[in-house]
Amino acid sequence: MRIHGEMPPEKEEEEKVKSLSLSIQQPQKLVVVGYALTSKKKKSFLQPKLEVLARNKGILFVAIDLNRPLLDQGPFDVVLHKLLGKDWRGAIEDYRKKNPEVAVLDPPDAIEQLLNRQSMLNDVTDLNLSDCYGKVCVPRQMVINNDPSSIPHEVTRAGLKLPLVAKPLVVDGTAKSHEMFLAYDQFSLSELEPPLVLQEFVNHGGVLFKIYIVGEAIKVVRRFSLPNVTKQELSKVEGVFRFPRVSSAAASADDADLDPSVAGEILGNILLFSFSKSDCSGYGENWLNCFLVGLSISLTITVWISRRTSSPSFTGEACKGASSPTGRSMFSGLRLFNVDMIREHGTKDVFYVIDINYFPGNIFLGHTGLDLLGKLKKSQFSFSVILNGKISTIPDVHLCARTSI
Ligand SMILES: Nc1ncnc2c1ncn2[C@@H]1O[C@H](COP(=O)(O)OP(=O)(O)OP(=O)(O)O)[C@@H](O)[C@H]1O
Ligand SMILES: O=P(O)(O)O[C@H]1[C@H](OP(=O)(O)O)[C@@H](OP(=O)(O)O)[C@@H](O)[C@@H](O)[C@@H]1OP(=O)(O)O
Ligand SMILES: [Mg+2]
């Protein structure tokens, strides 16, 4: 006899099968990430723990075979690349055109802007951020292409202030492109080999901020940097001195007990505007994705998605460039990069962008950026970074996430 409500055995069996099939997880759709990297980058980037972490998140890294046409490979959801050369550039351009649904990180044009220490900072200057939202500057600098003997005269003519940091003009991933010199007088600079950028050294209390950007995710870390150069030191010392990679990953200052005037309880607000590459509107799901990472330092970061109409002088300008196919606005099309910023010693809100790097080291490891790899295929974003102490005065801001870190 069956109690009321009890199922007949055949029905029970049917229900069991149903609940069993529901409990079997649907196979996760893998996000396939094709990568083409220099051997140096492959070693530093594709560490086993990253691959395991990625696999657990449904992301599969697949090596692109450089001996076969790229168009014959895949299908990929995302292509990550850090390779130089015309052939590769041509192949990736062609691939992008024929596979518009694939997120190619990043477009060769956008990367190219960062391969030269003059063009990498151009857009920061052009945006003239100091006028609108605070002071984000670039150090004064000049390019020396040839004839090192002309340097002393050129430096004097340009009125550059000593000391100067001499940097190789071209950034091509080689150790040579990271060879830095600090010059206390202009005459010694003739010893160096052009092409060079000569950049005014900005005293910043020996701490540098690295702002890592992966699509919509931002992480800021502190690194040790060169100490201040005093007037006394400058008057006594002559010569040009090579200095090592002072702000490498090993020079983390996140856990250091720093003077608050250097580390900053609140240094100001670094604001990240992001905007749609295609039409600068319709952020729907994208602004849900917008979030902040990195709770380890005392900066306030605000991330927002802004419409073309808001913050006209800045966002409008940036959108214009980003939405035009030939546009070369700041970071146009870039989704995988970092900005190195320092704060002028003795000031609260005068920041300088000194370097911008494409696909920098460890950008995914320990960052939530990995989660974004899959989402990047949907969103088309570019970024501009500004810094501001007075958020409340900015009109029509679509605030997405804000946190003190
Ligand atoms: N204008 C400047 N004023 C003060 N310090 C500077 C300036 N430019 C560079 N530095 C110091 O030199 C270091 C290296 O400079 P920069 O970041 O331009 O070189 P890089 O080789 O491109 O570095 P990265 O490894 O981050 O790519 C910085 O971390 C900072 O300590
Ligand atoms: O050496 P790391 O792994 O730390 O990464 C560095 C990266 O080298 P990689 O791309 O070969 O990894 C550099 O790239 P190239 O200019 O040489 O192309 C540059 O982006 C640095 O800023 C990165 O330093 P970090 O961002 O960590 O300070
Ligand atoms: Mg660099």
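None of the values given here were measured: they were computed from a predicted structure. Both counts, for ligands and for their atoms, begin at 1 and track the order of listing.
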Colleague: What atoms of ligand 2 come within less than 4.0 Å of a heavy atom belonging to Lys40?
Modeller: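 Within the 4.0 Å cut-off of Lys40, ligand 2 contributes 8 (O), 9 (P), 11 (O), 17 (O).
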Colleague: Indicate yes or no: does an N/O atom of Asn338 lie under 3.5 Å from an N/O atom of ligand 2?
Modeller: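 Between Asn338 and ligand 2 (N or O atoms, distance only) the closest approach is not under 3.5 Å.
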Colleague: With a cut-off of 4.0 Å, which atoms of ligand 2 are near a heavy atom of Arg223?
Modeller: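 Answer for ligand 2: 25 (P), 27 (O), 28 (O).
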Colleague: Do the numbers put Lys42 on top of the ring of Tyr35, so that NZ or CZ is under 6.0 Å from the six-membered ring centre and no more than 45° off the axis?
Modeller: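 No.
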Colleague: Flag Thr174 as yes when one of its N or O atoms lies below 3.5 Å from any N or O atom of ligand 2, and as no otherwise.
Modeller: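 In fact, backbone or side chain, Thr174 has no N or O that close.
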Colleague: Between Asn122 and Ser119, does any side-chain donor sit less than 3.5 Å from a side-chain acceptor?
Modeller: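 Absent: no donor and acceptor within the cut-off.
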Colleague: Closest approach of Ile111 and Leu334, non-hydrogen atoms and distance?
Modeller: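 Ile111 and Leu334 have their closest heavy atoms at N-CD2, 4.3 Å.
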Colleague: Closer than 4.0 Å to some heavy atom of Pro360 - which atoms of ligand 2 meet that?
Modeller: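 Atoms satisfying the 4.0 Å criterion: 20 (O), 26 (O).
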Colleague: Identify the protein heavy atom lying closest to atom 12 (O) of ligand 2, giving its residue, its atom name and the separation to 0.1 Å.
Modeller: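 The closest heavy atom on the protein side is Ser44 OG, 3.0 Å.
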Colleague: For atom 26 (O) of ligand 2, what is the closest protein heavy atom, and at what distance to 0.1 Å?
Modeller: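 That would be Tyr212 OH, 3.0 Å.
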Colleague: Which heavy atom of the protein is the closest neighbour of atom 14 (O) of ligand 2, given with residue, atom name and distance?
Modeller: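 Checking every protein heavy atom, the shortest distance to atom 14 (O) of ligand 2 gives Lys82 NZ, 3.0 Å.
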Colleague: Checking a contact table here: which protein heavy atom is nearest atom 22 (O) of ligand 2, and how many Å away?
Modeller: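 For atom 22 (O) of ligand 2, the nearest protein heavy atom is Asn357 ND2, 3.2 Å.
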Colleague: For Tyr358 and Gln113, which I'm curious about, is there any donor-acceptor pair between the side chains at under 3.5 Å?
Modeller: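 No pair is found: no donor N or O on one side chain lies under 3.5 Å from an acceptor on the other.
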Colleague: Do you know the tightest heavy-atom contact between Val197 and Gln118?
Modeller: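 In terms of heavy atoms, the two residues are closest at CG2-N, 4.3 Å.
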Colleague: Can you tell me if, anywhere in Asp355, an N/O/S atom lies at a distance from the Mg ion (ligand 3) that is smaller than 2.8 Å?
Modeller: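 Of the N, O and S atoms in Asp355, at least one lies under 2.8 Å from the Mg ion (ligand 3), which means yes.
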Colleague: Suppose I only count heavy atoms of His178 and a 4.0 Å limit; which atoms of ligand 2 are within that range?
Modeller: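 Answer, ordered by atom number: 15 (P), 16 (O), 17 (O).
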Colleague: Exactly which residues line ligand 1, taking a heavy atom under 4.0 Å from it as the test?
Modeller: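 Under the 4.0 Å cut-off, ligand 1 touches Arg117, Pro139, Val165, Lys167, His178, Met180, Gln199, Glu200, Phe201, Val202, His204, Leu208, Lys210, Ser225, Leu226, Phe243, Arg245, Val246, Ser247, Asp340, Ile342, Ile354, Asp355, Asn357.
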Colleague: With a sphere of 6.0 Å drawn around CD of Glu193, does it hold more than 12 non-hydrogen atoms of other residues, nucleotides or ligands?
Modeller: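 Result for CD/Glu193: open.
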Colleague: Assess the residue pair Tyr352 and Phe209 against the criterion (ring pair (Phe, Tyr, Trp, His ring centres under 6.0 Å)); give the C-alpha distance rounded to whole Å, side-chain angles, the decisive distance to 0.1 Å, and a yes or no.
Modeller: CA-CA 10 Å; Tyr352 285 83; Phe209 301 91; over 10 Å; no
Colleague: For Arg245, what residues pass the salt bridge (Lys or Arg N to Asp or Glu O under 4.0 Å) criterion, not counting sequence neighbours?
Modeller: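 Here no residue qualifies.
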Colleague: Could an N or O of ligand 2 be found under 3.5 Å from any N or O of Ser248, whether backbone or side chain?
Modeller: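 So ligand 2 has no N or O lying under 3.5 Å from an N or O of Ser248.
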Colleague: Taking the side chain as everything from C-beta on, heavy atoms only, tell me whether Leu182 gets closer than 4.5 Å to Pro163.
Modeller: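 The answer is yes; the side chains approach within 4.5 Å.
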Colleague: Would you say CG of Asp87 has more than 12 non-hydrogen atoms from neighbouring residues, nucleotides or ligands within 6.0 angstrom?
Modeller: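 Open: at most 12 neighbouring heavy atoms sit under 6.0 Å from CG of Asp87.
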Colleague: Does ligand 2 come near enough to Gly361 that some N or O of the ligand is less than 3.5 Å from an N or O of the residue?
Modeller: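 Yes, Gly361 has an N/O under 3.5 Å of an N/O on ligand 2.
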Colleague: Give a yes or no on whether the backbone of Val202 and the side-chain of His204 come within a donor-acceptor separation of less than 3.5 Å.
Modeller: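 Yes, because the side chain of His204 sits within donor-acceptor range (under 3.5 Å) of the backbone of Val202.
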Colleague: Under the side chain to side chain contact (heavy atoms under 4.5 Å, CB included) rule, what do Ile356 and Leu121 come out as? Steps first, then yes or no, please.
Modeller: CA-CA 8 Å; Ile356 304 175; Leu121 299 184; 4.3 Å; yes
Colleague: I need the minimum non-hydrogen distance between Lys161 and Glu200, along with the two atoms involved.
Modeller: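 That closest heavy-atom pairing would be N-OE2, 2.7 Å.
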Colleague: For atom 21 (C) of ligand 2, what is the nearest protein heavy atom, given as residue, atom name and distance?
Modeller: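 The protein heavy atom lying closest is Arg245 NH2, 3.5 Å.
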